[in-house]
Amino acid sequence: MARSNDEIAALLQEYADLIAITGGEAYRARVYEKAARAIGGHHADVSTLDAKGLREIPGVGRSIAEKVTEYLRTGSIAAVDELRSRIPAGVRRLTAIPTLGPKKALALYEELGISSVEELVEAIHAERLRDLKGFGPRTEENILHGVDLLRSAGDRVLLDAATDLAEDILGHLSEVTGCRRCAYAGSLRRVRETIGDIDVLAAAERSGPLMDAFTRLPYVTEVIARGRTKTSIRTVQGLAVDLRVVPPDSWGAALQYFTGSKAHNVRTRELAVRAGLKLSEYGLFDAESGERIVSGTEEEVYERLGLPWIPPPLREDRGEIEAGLHGELPDLVRESDLRGDLHTHTDLTDGLAPLEEMVRAAAARGYAYYAITDHGPDLYMQQMTEERMLAQRERVRELDGRFGKGRRGMRLLHGVELNIGPDGDVDWPAEFLAGFDVCVASVHSHFNQSRDAQTRRLVRACENPHVHVIGHPTTRILGRRPPLDADLDEVFAACARTGTALEINAHPDRLDLRDEDILRARRHGVRFAVDSDAHAVPHLANLRYGVGTAQRGWLTKEDVINTWPETRLRRFLRKGG
DNA sequence: GCCGTTTTCGGCCCGACTGTTTTCAGTCG
């Protein structure tokens with residue numbers, strides 16, 4: 001399960017939201033928010049820290065340390081419970097709707113008694129918001145649009161939450177006597193960007209002990225169904241998890257079947273039928289005699305269908321069957337291929353950890369190189385200046401090669417995350433930009449420009465000779481913000497023409513570019529950078545989700561610039577110059 | 001509520017944008 005850091009961070013964030021909704025001091029809310037982020041991003045598990053250790057976390061003082069201790073001791077925080085009792089949980093849910101913040105949520109609750117998204121939608125349709133001060137027709141429109149966005153993510157959860165949960169479940173199940181193998185399958189194994197429910201598969205002669213252990217997991221709130229081969233539960237976060245137990249000799253066929261996708265399985269079963277075979281979760285059978293031919297491993301199943309083993313991220317019926325039949329499956333990029341991270345932050349801007357801590361953690365991940373890319377001055381809130389940037393550069397040069405393995409240690413690149421303005425301009429003039437080893441440039445505002453303007457803006461950023469990587473290219477945030485409306489093919493063409501890489505931002509609520517866009521960009525001959533955009537030490541590990549997304553986009557090592565040796569990377573960063 | 005070679009009190013990321021107003025509140029990054 002998630003570290004206690006994540007549970008506490010969620011609780012403190014909830015407290016901050018409740019303070020804001022109940023009209024508490026804005027500063028108090030902000031302090032709790034900051035502490036939530038700091039604890040969520042802290043490298044050490046807070047359950048192992050004493051009071052002194054807790055207070056060493058920036059933003060955590062006496063009061064918050066006490067609340068953390070209280071939670072670790074009792075499982076709850078009285079102050080949070082007190083505020084919860086005053087405001088229905090649904091009111092806080094309202095603030096998840098983009099453009100609807102704490103003030104509006106409270107007004108809706110106090111004036112109209114609205115405490116759920118459903119009631120809100122109903123009230124808008126009944127035109128009950130019209131008489132409310134501060135609510136006009138555009139507000140109604142924006143709220144309805146926000147609700148649509150929220151619902152487009154549906155009941156699905158982000159990849160990291162689902163992965164954490166699934167790995168915890170596997171940890172528990174693998175210790176059950178008689179469990180021969182277990183793994184997660186389904187969309188999680190295919191690394192889809194959001195997960196509707198988790199499919200866990202286990203192999204055992206007897207299913208009882210596994211089903212027992214499964215239903216007794218600490219976060220189970222409901223056992224939806226329980227049978228001999230399949231049991232379904234719901235967790236505290238509302239996620240449904242299915243456990244299927246199969247005989248060990250059916251493992252491969254079952255794993256293939258439950259990994260999907262449905263479309264991929266339809267294609268594989270068609271192949272089977274054409275070969276006079278029948279494919280099911282129990283194995284590959286001779287259609288006539290009913291005799292089982294293979295079922296032990298996925299490799300055997302695919303092989304008898306005339307296919308190489310197909311990596312799960314490709315199993316979407318997007319041409320992987322044809323590619324497999326012709327021996328043209330890509331040799332997908334792997335996490336171990338990555339030699340470094342090209343987009344990361346420190347506490348000089350909005351990151352949580354100091355430079356040295358981030359560098360040390362990066363070195364521990366075995367990187368050959370690592371770029372520090374704090375925000376430029378155009379994001380006003382970051383308070384960046386040339387002086388501060390140059391001071392950081394000096395420090396970066398001092399730390400260069402001091403950590404990591406190899407004769408030269410881990411090489412540090414001093415970079416920046418520039419802001420792409422409405423016209424495609426970036427923060428600093430060319431002379432100053434020339435001093436950076438790497439410039440990532442990203443859009444952070446003006447999301448509603450026309451399609452033409454948005455396209456021009458991104459193309460101009462690509463044409464800037466100092467911009468090497470376009471960060472989170474569509475700026476979408478899953479369930480919160482739609483992708484920019486731009487002619488992506490034109491942007492991709494500009495990237496290919498100018499030698500600008502596109503980022504695959506690995507943050508689980510971004511995953512931007514997304515898989516379909518990667519497939520399109522690849523056809524233009526674009527290069528990619530898979531980056532964590534880490535704002536804290538634990539975020540560095542998010543790279544795995546970026547790699548999964550890159551795999552879903554059929555990328556190989558060759559396509560991803562941060563798998564390249566440093567000299568080749570540096571050549572790319574000269575951008576044809 | 002946190003934090004400090006500007007401070008143990010008085011600050012606290014600060015500006016843009018939107019929609020509602022008629023001078024501003026709320027939300028966002």
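Order of the sequence lines sets the chain letters (A, B, ...), proteins ahead of strands, with each chain counted from 1.
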Handout entry: Separation between the P atoms of B:dC14 and B:dC9, rounded to whole Å
Key = 24 Å

Problem - Trace of the side-chain contact (heavy atoms from CB on, under 4.5 Å) decision for A:Leu108 with A:Val91 - result: CA-CA 9 Å; A:Leu108 290 167; A:Val91 178; over 6 Å; no

Exercise for the section: Assign A:Thr99 to base, sugar-phosphate, or nothing according to its heavy-atom contacts below 4.0 angstrom with the strands shown. Expected result: sugar-phosphate

Output a table of donor-acceptor pairs, distance under 3.5 Å, between side-chain atoms of residues 32-46 of chain A and any protein atom two or more places apart or on a different chain; print 'none' if there are none.
residue, atom, partner, partner atom, Å
A:Tyr32, OH, A:Lys67, NZ, 3.0
A:Asp45, OD1, A:Ser4, OG, 2.8
A:Asp45, OD1, A:Ser47, N, 2.9
A:Asp45, OD1, A:Ser47, OG, 2.8

Practice task
Between B:dG19, B:dG26, B:dC13, spot the one nearest the side chain of A:Thr139, thanks.
Solution key: B:dG19

Problem - Distance, C1' atom - from B:dC17 to B:dT7, rounded to whole angstrom - result: 35 Å

Exercise for the section: Classify the nucleic acid contact of A:Leu379 as base, sugar-phosphate or nothing, counting any heavy atom under 4.0 Å across all strands shown. Expected result: nothing

Problem - From B:dG29, B:dT20, B:dG1, nucleotide with atom closest to A:Ser63 side chain - result: B:dG1

Handout entry: Options B:dC13, B:dT27, B:dG29, nucleotide nearest the side-chain atoms of A:Arg481
Key = B:dG29

Exercise for the section: State whether the aromatic ring of A:Tyr27 stacks on the base of B:dC12, taking stacking to mean ring centres under 5.5 Å apart and ring planes under 30° to each other. Expected result: yes

Exercise for the section: Taking atom C1' in both B:dT20 and B:dG10, compute the distance separating them and give it to the nearest angstrom. Expected result: 34 Å

Handout entry: Of the listed nucleotides B:dA16, B:dC13, B:dG1, the one nearest the side chain of A:His446
Key = B:dA16

Exercise for the section: With rounding to the nearest 0.5 Å, note down the distance linking NE2 in A:His539 to CE in A:Met358. Expected result: 8.5 Å

Practice task
Can you establish whether the number of heavy atoms outside A:Arg451 located under 6.0 Å from its atom CZ is more than 12?
Solution key: yes

Problem - Separation between the C1' atoms of B:dG29 and B:dC13, rounded to whole Å - result: 10 Å

Exercise for the section: For the side chain of A:Gln383, starting at C-beta, report the closest nucleotide among B:dC14, B:dG1, B:dT20. Expected result: B:dC14

Practice task
Using a 4.0 Å heavy-atom cut-off across all strands, classify A:Asn142 as base, sugar-phosphate, or nothing.
Solution key: sugar-phosphate

Practice task
Can you figure out which of B:dG26, B:dC2, B:dC14 approaches the side chain of A:Val31 most closely?
Solution key: B:dC2

